[in-house]
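The structure appears right after this line, and notes come after that.
Just so it is clear, the structure is predicted and the values come from calculations on it, not from any experiment.
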Amino acid sequence: MEQQPQPFLTPQPIQPLQPVNLQPEEQLETPVPQAAAPVRIAAVGDIHVRETDKGKWVEFFKAASAQADVLLLCGDLTDHGYAKEAEVLAEEMRACTIPVICVLGNHDHDKGQHEEIRSCLINDNVHFVDGDAVVIKNVGFTGVKGFGGGFGHHMLSMFGETANKAFVQEAVDEALKLEAGLSRLDVEYPDIKKIALLHYSPIKATVEGEPEAIHPFLGCSRLAEPLNRQNVLACFHGHAHIGTLEGETSHGVKVFNVAKPILQKAGFAMPFFLFDV
């Protein structure tokens, strides 16, 4: 059947869209970006665990796990450097539910069993750093044991007897390892915040209180050089039991002496220092 022509309709002007009036409960809110929660670090050095310490450290590790995201152990994990002491510590650390990052101390090397100590403690939750690096919650951690050598104008130089040169070279080697770990973080994670842990001090300020005659055996300024060059946020160490809690490098890097006796003297209820990144 033939279709009938449709009548011509005059186009009507397009009406502008009218705003929709929402009821108060329907008002749309612009989401506000939430700042990332800080990563809380608990740090302590010189816990000096003995074979007789079974059960002594469980509450410590539970408290650290409840209050922090990462635990740093800054050397002298054992009292006399025996692997049997590390076995006790490994059992105590079962109570720790957060990642743990460790360096060894001079006591851990005393009996030549430092590799056994490391092997006894290391697992998926416990990391040792010795010039290498670990990234946890977008924070980069690296560290070394460090060594002595003195500070500033009184730092020992590479001169004289072979034994003296070997002493200085040990500090140089430790500083180079620290530099390597920090550089690796810079290359692989260029925007990451960096934390360093040591056993020996990188600055004189945090060993103040110890007899000045033994300062060269408590740390070395060579360890501060990588911290300054690589823009480290903070550094934690131990070793100087009657030193000073806080100091900073010549470039303003925060340094904390978290040796357990220091924290106990400062009145910490649990002997760990808390720091937010």
Please find the pair of heavy atoms, one from [X] and one from [Y], that lie closest to each other, and give the distance.
X	Y	answer
Gly243	Asn257	CA-ND2, 4.0 Å
Cys220	Gly148	CB-O, 3.6 Å
Pro38	Asp276	CB-CB, 4.1 Å
Ser201	Val207	CB-CG1, 3.6 Å
Ile117	Ala83	CG1-CA, 4.1 Å
Asn125	Cys96	ND2-O, 3.7 Å

Donor-acceptor under 3.5 Å ([X] side chain, [Y] main chain):
X	Y	value
Asp69	Val39	no
Glu246	Lys254	no
Glu85	Arg50	no
Asn228	Thr249	no
His239	Gly105	no
Lys111	His80	yes
Thr97	Ser65	no
Thr78	Ala86	no
Asp53	Leu89	no
Asp76	Asn106	yes

Consider only side-chain heavy atoms of I, L, V, M, F, W and Y, link residues closer than 4.5 Å, and tell whether [X] and [Y] are in one cluster.
X	Y	result
Ile136	Leu274	yes
Leu185	Leu227	no
Val253	Val277	no
Ile214	Ile262	no
Leu178	Phe167	yes

- request: Please say whether more than 12 non-hydrogen atoms of neighbouring residues, nucleotides or ligands are located less than 6.0 Å from OH in Tyr82.
  value: no
message: Looking at Arg229, I want to see if its CZ is surrounded by more than 12 non-hydrogen atoms of other residues, nucleotides or ligands under 6.0 Å.
response: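 For Arg229, atom CZ is crowded (more than 12 foreign heavy atoms under 6.0 Å).
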So, do [X] and [Y] sit near enough that their side-chain heavy atoms are less than 4.5 Å apart?
X	Y	answer
Ile98	Val70	no
Lys145	Asp130	no
Val44	Phe60	yes
Leu233	Phe275	yes
Met93	Leu77	no
Lys204	Glu212	yes
Glu92	Val58	yes
Thr52	Val88	no

Pair [X] + [Y]: basic N to acidic O under 4.0 Å:
X	Y	value
Glu225	Arg222	no
Asp186	Lys194	yes
Glu91	Lys54	no
Arg184	Asp132	no

query: Which is it for Val144 and Leu198 under the side-chain contact (heavy atoms from CB on, under 4.5 Å) test, yes or no, and what are the steps along the way?
result: CA-CA 5 Å; Val144 294; Leu198 306 165; 3.5 Å; yes
Nearest 0.5 Å please: distance from the [atom1] atom of [X] over to the [atom2] atom of [Y].
X	Y	atom1	atom2	answer
Lys265	Leu263	NZ	CG	12.0 Å
Phe268	Leu245	CZ	CG	5.5 Å
Lys193	Asn231	NZ	CG	11.0 Å
Lys62	Met270	NZ	CE	10.5 Å
Phe236	Phe141	CZ	CZ	8.5 Å
Lys165	Leu156	NZ	CG	13.5 Å

query: Aromatic rings Tyr200 and Phe147: how do their planes relate, parallel, tilted or perpendicular, breaks at 30° and 60°?
result: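 Geometry flag for Phe147 against Tyr200: tilted rings.
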- prompt: Do the ring planes of His215 and Phe151 sit parallel (below 30°), tilted (30 to 60°) or perpendicular (above 60°)?
  reply: perpendicular
message: Quick one, His48 with His241, criterion ring pair (Phe, Tyr, Trp, His ring centres under 6.0 Å). Give me CA distance, side-chain angles, the key distance, then yes/no.
response: CA-CA 12 Å; His48 291 276; His241 290 199; 5.3 Å; yes
message: Test side-chain contact (heavy atoms from CB on, under 4.5 Å) on Val258 and Leu72; report intermediate values, then the result.
response: CA-CA 10 Å; Val258 293; Leu72 308 185; over 6 Å; no
